[in-house]
Amino acid sequence: MFLGLFFAVLAGLLVGLQNIFNAKVNEQAGTWATTALVLGLGFLASMTLGLVFEGIGLFTMNNMKTWHWFSGLIGVGVVVCLVQGTRLLGPTYAIAIVLTSQLGFALLWDSLGWFGLEKIPFTFQQLVGVLVIAGGVIVFKFSGTKEKKEIKQVQKSMKQYSLGR
């Protein structure tokens with residue numbers, strides 16, 4: 001269990017870091033170039049590491065359903081949406097919404113047993129957990145709005161003062 005927790009935390013760190021890097025690349029290259037770069041380099045890295053650690057066994061895919069082959073296309077949507085969300089909302093707010101959405105949909109798919117998942121009974125505690133996280137995102141978004149307005153007003157006053165001299 002500890003190893004699973006470690007990898008989950010590490011994945012969160014890497015997704016947050018990748019999102020920031022992707023946003024910076026997007027400022028210079030645009031959304032589609034960023035997506036191609038991210039997924040292209042990811043392909044090269046995963047292919048290289050897969051061959052190093054698994055050898056030719058990397059290409060053994062027994063009894064895989066045809067629709068599972070298209071998961072890479074979902075990755076295109078992930079990168080494009082994350083880049084745009086980060087550009088429009090900022091990294092922290094975008095990732096908070098992504099994680100809340102991810103948790104909510106994972107709960108839905110687990111509860112319904114979709115996509116080959118083992119059906120897990122839906123509980124009120126799970127719903128409360130998702131709602132608490134969603135509430136946290138809302139509190140995060142609207143916290144400090146008064147301070148932000150005051151800072152903008154001070155900056156505007158300083159700019160007007162400096163132009164008047």
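Basis for what follows: all heavy atoms, side chains included, without hydrogens, waters or symmetry-related copies.
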**Request:** Might you work through the side chain to side chain contact (heavy atoms under 4.5 Å, CB included) test for Trp32 and Val76, ending with a clear yes or no?
**Result:** CA-CA 9 Å; Trp32 293 109; Val76 172; 3.9 Å; yes
**Item:** Phe59 side chain reached by Leu51 side chain, heavy atoms, under 4.5 Å
**Value:** yes
**Message:** According to side chain to side chain donor-acceptor pair (under 3.5 Å), does anything in residues 60-85 pair up with another residue at least two apart or in another chain? List the pairs.
**Reply:** Thr31-Gln84, Gln84-Arg87
**Prompt:** Can you tell me how far CG of Leu44 sits from CG of Leu39, rounded to the nearest 0.5 angstrom?
**Reply:** 11.0 Å
**Message:** Would you compute the distance between atom CG of Leu82 and atom OG1 of Thr35 and round it to the nearest 0.5 angstrom?
**Reply:** 10.0 Å
**Complete:** Heavy-atom nearest pair, Ala23 first then Thr86, reads CB-CG2, 3.6 Å
**Asked** Does Val25 reach the side chain of Val38, with side-chain heavy atoms less than 4.5 Å apart?
**Response** no
**Request:** Report the C-alpha distance between Leu37 and Asn22 in whole Å, list the side-chain angles of each, state the deciding distance to 0.1 Å, and finish with yes or no for side chain to side chain contact (heavy atoms under 4.5 Å, CB included).
**Result:** CA-CA 9 Å; Leu37 179 69; Asn22 291 353; over 6 Å; no
**Message:** Let me check something: do Ile74 and Ile95 share a hydrophobic cluster, defined by ILVMFWY side-chain heavy atoms less than 4.5 Å apart, either directly or through other members?
**Reply:** yes
**Request:** Please round to the nearest 0.5 Å and tell me the distance separating atom CZ of Phe124 and atom CG of Leu131.
**Result:** 8.0 Å
**Asp110: side chain to side chain donor-acceptor pair (under 3.5 Å) partners, not counting sequence neighbours** = none
**side chain to side chain contact (heavy atoms under 4.5 Å, CB included) evaluation trace for Gln28 with Thr34** = CA-CA 9 Å; Gln28 303 299 317; Thr34 299; over 6 Å; no
**Complete:** Output for pair (Leu13 CG, Gln18 CD), nearest 0.5 Å, gives 11.5 Å
**Complete:** Value for CG (Leu10) from CG (Leu17), rounded to nearest 0.5 Å, stands at 10.5 Å
**Asked** Looking at CD1 of Ile133 and OG of Ser101, how far apart are the two atoms once the value is rounded to the nearest 0.5 Å?
**Response** 12.0 Å
**Request:** Verify the cluster assignment for Val15 and Leu99: are they in a single hydrophobic cluster under the rule of side-chain heavy atoms below 4.5 Å apart?
**Result:** yes
**Asked** Do Val80 and Val78 sit in the same hydrophobic cluster, where Ile, Leu, Val, Met, Phe, Trp and Tyr count as joined when their side-chain heavy atoms come under 4.5 Å apart?
**Response** no
**Request:** Check whether any side-chain heavy atom of Phe122 lies under 4.5 Å from a side-chain heavy atom of Leu112, and answer yes or no.
**Result:** no
**Prompt:** For the residue pair Leu127 and Leu107, what are the closest heavy atoms and their distance?
**Reply:** N-CD2, 4.3 Å
**Asked** Should Leu58 and Val52 be regarded as members of a common hydrophobic cluster, given that ILVMFWY residues are connected when their side-chain heavy atoms come within less than 4.5 Å of each other, either directly or indirectly?
**Response** no
**Request:** Check whether any side-chain N or O of Thr100 sits under 3.5 Å from a backbone N or O of Ala96 as a donor-acceptor pair, and report yes or no.
**Result:** yes
**Message:** For Phe43, is there any backbone N or O sitting under 3.5 Å from a side-chain donor or acceptor partner on Ser46?
**Reply:** yes
**Asked** Is there a chain of hydrophobic side chains (I, L, V, M, F, W, Y, each step under 4.5 Å between heavy atoms) that links Leu103 to Val137?
**Response** no
**Prompt:** Got more than 12 heavy atoms from elsewhere within 6.0 Å of CZ, Phe115?
**Reply:** yes
